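Single-structure report; data block below.
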Number of protein chains: 4
Amino acid sequence: MANIRIEFFSNSLVRTVEIEMYIPNDLRTDIQIQHNPYYDRKCKTVFVLHGFTGFGRGWTNLYELAEKYNFALVFPSGENSFYLDSEATGGKYGTFIGSELIEYIRKTFGLCCAKEDTFISGLSMGGFGAIHTGLAYPDNFSKIVALSSALIIHGISVMKPGDDNGIANYYYYRKYFGDLEKLIDSDNNPETLVKKLIQQNKNIPKIYMACGTEDFLIKENRQFYDFLIKQKVDVEYIECGGGHDMAFWNEYFSKGFEWMA
Amino acid sequence: MANIRIEFFSNSLVRTVEIEMYIPNDLRTDIQIQHNPYYDRKCKTVFVLHGFTGFGRGWTNLYELAEKYNFALVFPSGENSFYLDSEATGGKYGTFIGSELIEYIRKTFGLCCAKEDTFISGLSMGGFGAIHTGLAYPDNFSKIVALSSALIIHGISVMKPGDDNGIANYYYYRKYFGDLEKLIDSDNNPETLVKKLIQQNKNIPKIYMACGTEDFLIKENRQFYDFLIKQKVDVEYIECGGGHDMAFWNEYFSKGFEWMA
Amino acid sequence: MANIRIEFFSNSLVRTVEIEMYIPNDLRTDIQIQHNPYYDRKCKTVFVLHGFTGFGRGWTNLYELAEKYNFALVFPSGENSFYLDSEATGGKYGTFIGSELIEYIRKTFGLCCAKEDTFISGLSMGGFGAIHTGLAYPDNFSKIVALSSALIIHGISVMKPGDDNGIANYYYYRKYFGDLEKLIDSDNNPETLVKKLIQQNKNIPKIYMACGTEDFLIKENRQFYDFLIKQKVDVEYIECGGGHDMAFWNEYFSKGFEWMA
Amino acid sequence: MANIRIEFFSNSLVRTVEIEMYIPNDLRTDIQIQHNPYYDRKCKTVFVLHGFTGFGRGWTNLYELAEKYNFALVFPSGENSFYLDSEATGGKYGTFIGSELIEYIRKTFGLCCAKEDTFISGLSMGGFGAIHTGLAYPDNFSKIVALSSALIIHGISVMKPGDDNGIANYYYYRKYFGDLEKLIDSDNNPETLVKKLIQQNKNIPKIYMACGTEDFLIKENRQFYDFLIKQKVDVEYIECGGGHDMAFWNEYFSKGFEWMA
């Protein structure tokens, strides 16, 4: 498994950033490897978005999945931005992931360019990011895997100056989500994006969601699933025992990757 | 020259960050090395702050200086923040550099803890950061080297929504500097910090400033120098032919490091 | 968990090398963490040696163990050397791990220096390396954890020019183990080291060995265990179903780390 | 300038290795950049081989050259091997650089594949490596830039067990160059490769050599130059004041890169 770290200048963020990638293209010839039909096609690309407080680094548990399904994995750093664009110069995280990075990766590496071969996934804040970025760039991604997603739009939309919800304060949310009073109707709300795509008769990427029943975000995940069902969006939703932790994510990345493959 | 990259969780930024360091503690025994008296004392520590659009990476030109003066260098990433604290959760870049990082480095590495052995330096946005952070944490740093410093407080304090000064827009400056109308009197203004330190009869770190006469920031540097002279602050100020570029910084890092040593 | 990569000049290998480390010293203050009594003592250090074809990189499964027991982990690169000294200039891998690296780490980081707080572990070629290096430097290490160890001395001692045992050829083994005809009695044989330590009345580090019954190295592990028992060395030996694979190593690193703690 | 580090499994070395690369493909849109005609063609690739005691890391001085000429730079680690193949399993450094790595880079990155667009360069041991690898793989490289090259074949061919030439001992040279008594006529001698290529009527890559007159390797460089002239090989040879140091290499990498471009 090739493990790659790239520092390059991002024009969306107006600074040099670093990302990590795994590419299963360094096959060993010293050991007998069973024929794997996934290697009869070209390598597909999966963006993997980390959660709040996280960082663009792979974890070795994903080696096996990347190798099994012949997926290149890309791990950008979201820097607690919820992967959204803000008005400030250098604050376009959504554009960075959904457009600039994908083009840079395609240009730099000999990887597939078709949206059919490009997926986006994430957990917690990264689950929100996978859903939001996938819906904002439906021509770039064909499948979304979102685990324990921080679908917090409705909750934070009522926050006022001075508020703090135990995770972050009002100023934090305003910094990344913009004017909270206008949030529900803005493009930062995945529901808004879904409605627009339906109105425009555009294809919506296929969505796989999973959330543990003990997760503090279970209510938010159920609500978004209900919304998608009402909108007749193609979604697979899994709910089962489990919390907001690595045990759950290891299990459901495994299932989500199988679903993508 | 040992070259070190550290990823660790920052409580000021509420996420994992990466910094680079150089430590000249891997002396070779296979070649004859001339006696260097700087190695008769313990290694001192110099924080080096990059400019706007930059990134926390050393550059190999500094190897020679670190080795010559027995300095450990620390290269944090400022992420276009001007190394300032903002109200939003996870936005405390000033606290990160001036307090958390310095404590973390001292705890993790066997380096000097005294402020006499700890310096801060930078170029452009990082020159501003060195001055501001040094003045905000005068018990942690004894010397400041600030090159081509982006001392832009007065210029941006009059910006309004919709403005863009060619480098960044109003929203960018408000994000990192706070309410621009209150900026002049705020602690984000190094002049305010100087006045407070004088009022409180506190020691002010020694300051070395340099700026090229063709630098677009020359006026700002002259003004701040004049301010310091009026306040009777101990400052060395160099002005000479040169622009806002690596040629100037290589030359004046060399001189600034000699001044620190 | 701080994740550190260091490049430094090794005088044993006469070139710059890179190692990785984990240090659990970046405690989060934003989340409630249960009191862990292992943090009432200083951090202990565990060297972790990879196997043949491997590389000095940590794997994220070890994060949890390092954090649980307050262990700093050090991952040197063995470069297929079996962690042994050879005659050639720059070929002293044993000296590198057992002496130079440990001193460099202690000098550079604020970690414990006592042998009681320093352990060595490894898998396959690294299991051999943990046993050999631990026995060669009994004043530096107090405990050894050796999984699926490549205790191949007897097997390769009879190889002749032109031979290849399916893993490597005669020239490979001669390059790292020296003259194979003299191997059994040489200090590259852990049995020789044990006998010498007993003769000299020196303390032998405590040893924990584990091997899967389906492992191709099971015979070699049983033989070495029998040898240790005959020599009355303090050894814990576990044998159970399992192969030469990550599933076994994850399970037994977990048990071995508990034994060390 | 994109800065890339790749860890991948090398089948020539039978283990995971790390290399660094620079690729000037992250053009900034926030600043006006003058038209550079080198960007009207595709990016070319230059392998850069470090010297004895070195390591596969770029140095920031080369940023400017890579950017100026639109060259991707590849920095493999030679691990004091003189970039030669040895008999031992996993000892094929020549095959690694000259064949495996070049194929891996071409496969992984969208870079030029033609030998006309692929160059090899190096300094000291890496100067030897550039010459030897370029001559051993003349279908992969069209130009060679060799600075202060360690063309030491004749000197070490007379070494005996117990000898040490101040840099390394007999066992070191035998380990990497093979049987020293047969060295002159072996394929590890660049002169042998030149003669064979002439005999086979094959194209020889163009060679640029430079050496300082105070360099301890000046005699060896003159001799090899004389040999090439006698063999009517297309070679540019520069000799001027200078030693075996970074000042010389910075100057002549600059000239050598211009020659390549």
Side-chain angles (χ1 to χ4, degrees), chain B residues 1-33 39 42-43 45 56-58 60 63 66-67 70 72-75 88-92 95-96 99-101 103-113, chain C residues 1-33 39 42-43 45 56-58 60 63 66-67 70 72-75 88-92 95-96 99-101 103-113:
Chain B
M1 179 65 55
N3 191 319
I4 301 175
R5 295 190 180 183
I6 316 172
E7 299 167 13
F8 72 104
F9 188 83
S10 161
N11 285 296
S12 312
L13 303 180
V14 197
R15 57 187 163 92
T16 298
V17 296
E18 189 189 39
I19 61 155
E20 183 156 293
M21 291 178 68
Y22 296 165
I23 306 184
N25 72 349
D26 58 336
L27 293 186
R28 295 176 61 159
T29 57
D30 62 328
I31 50 174
Q32 193 89 21
I33 296 170
Y39 288 80
K42 277 195 83 173
C43 185
T45 308
R57 282 284 176 267
T60 45
Y63 268 38
E67 197 164 67
N70 193 18
L73 308 187
V74 182
F75 302 95
T89 300
K92 299 202 173 306
T95 304
F96 173 62
S99 169
E100 182 182 19
L101 178 59
E103 281 170 35
Y104 184 76
I105 294 291
R106 284 172 176 171
K107 178 176 75 175
T108 305
F109 296 92
L111 294 171
C112 292
C113 292
Chain C
M1 178 65 56
N3 192 319
I4 301 175
R5 294 189 180 184
I6 316 172
E7 298 168 15
F8 72 104
F9 189 83
S10 160
N11 285 296
S12 312
L13 303 180
V14 197
R15 56 187 164 93
T16 298
V17 296
E18 190 189 41
I19 61 154
E20 183 156 293
M21 290 179 67
Y22 296 164
I23 307 184
N25 72 349
D26 59 337
L27 292 186
R28 295 176 61 156
T29 58
D30 63 326
I31 48 175
Q32 191 90 23
I33 296 169
Y39 288 79
K42 278 194 82 173
C43 186
T45 308
R57 283 286 176 266
T60 45
Y63 268 37
E67 196 163 68
N70 192 18
L73 307 187
V74 182
F75 302 94
T89 301
K92 299 202 172 307
T95 304
F96 174 62
S99 168
E100 182 182 20
L101 178 59
E103 280 170 37
Y104 184 76
I105 294 291
R106 284 172 176 171
K107 177 176 75 174
T108 304
F109 298 91
L111 295 170
C112 291
C113 291

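No experiment lies behind these values; they were computed from the predicted model shown. Note on naming: letters A, B, ... go to the chains in the order of the sequence lines (proteins, then strands), and numbering restarts at 1 for each one.
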Report task. Measure distances from Phe109(C) to the heavy atoms of chain B and classify the residue's part below 4.5 Å as side chain, backbone, both or neither. Result -> both
Query raised in the report: Side chain, backbone, both or neither: which part of Met21(C) has a heavy atom under 4.5 Å from chain B?
Result: neither
Report task. Under the side-chain contact (heavy atoms from CB on, under 4.5 Å) rule, collect the residues that match up with Ser99(C), sequence neighbours excluded. Result -> Thr95(C), Glu103(C), Tyr137(C)
Report task. Measure distances from Leu27(B) to the heavy atoms of chain C and classify the residue's part below 4.5 Å as side chain, backbone, both or neither. Result -> backbone
Report task. Provide the closest heavy-atom pair for Asn25(C) versus Lys107(B) in the form atom of the first, atom of the second, distance. Result -> O-NZ, 2.7 Å
Query - Minimum heavy-atom distance Asp26(B)-Phe9(C), with the two atoms named - result: OD2-N, 2.7 Å
Query raised in the report: Which residue out of Asp30(B), Thr16(B), Ile6(B), Thr108(B) racks up the most heavy-atom pairs below 4.5 Å with chain C?
Result: Thr108(B)
Query raised in the report: Is Ile4(C) close to Phe8(B) at the side-chain level, that is, under 4.5 Å between some pair of heavy atoms?
Result: no
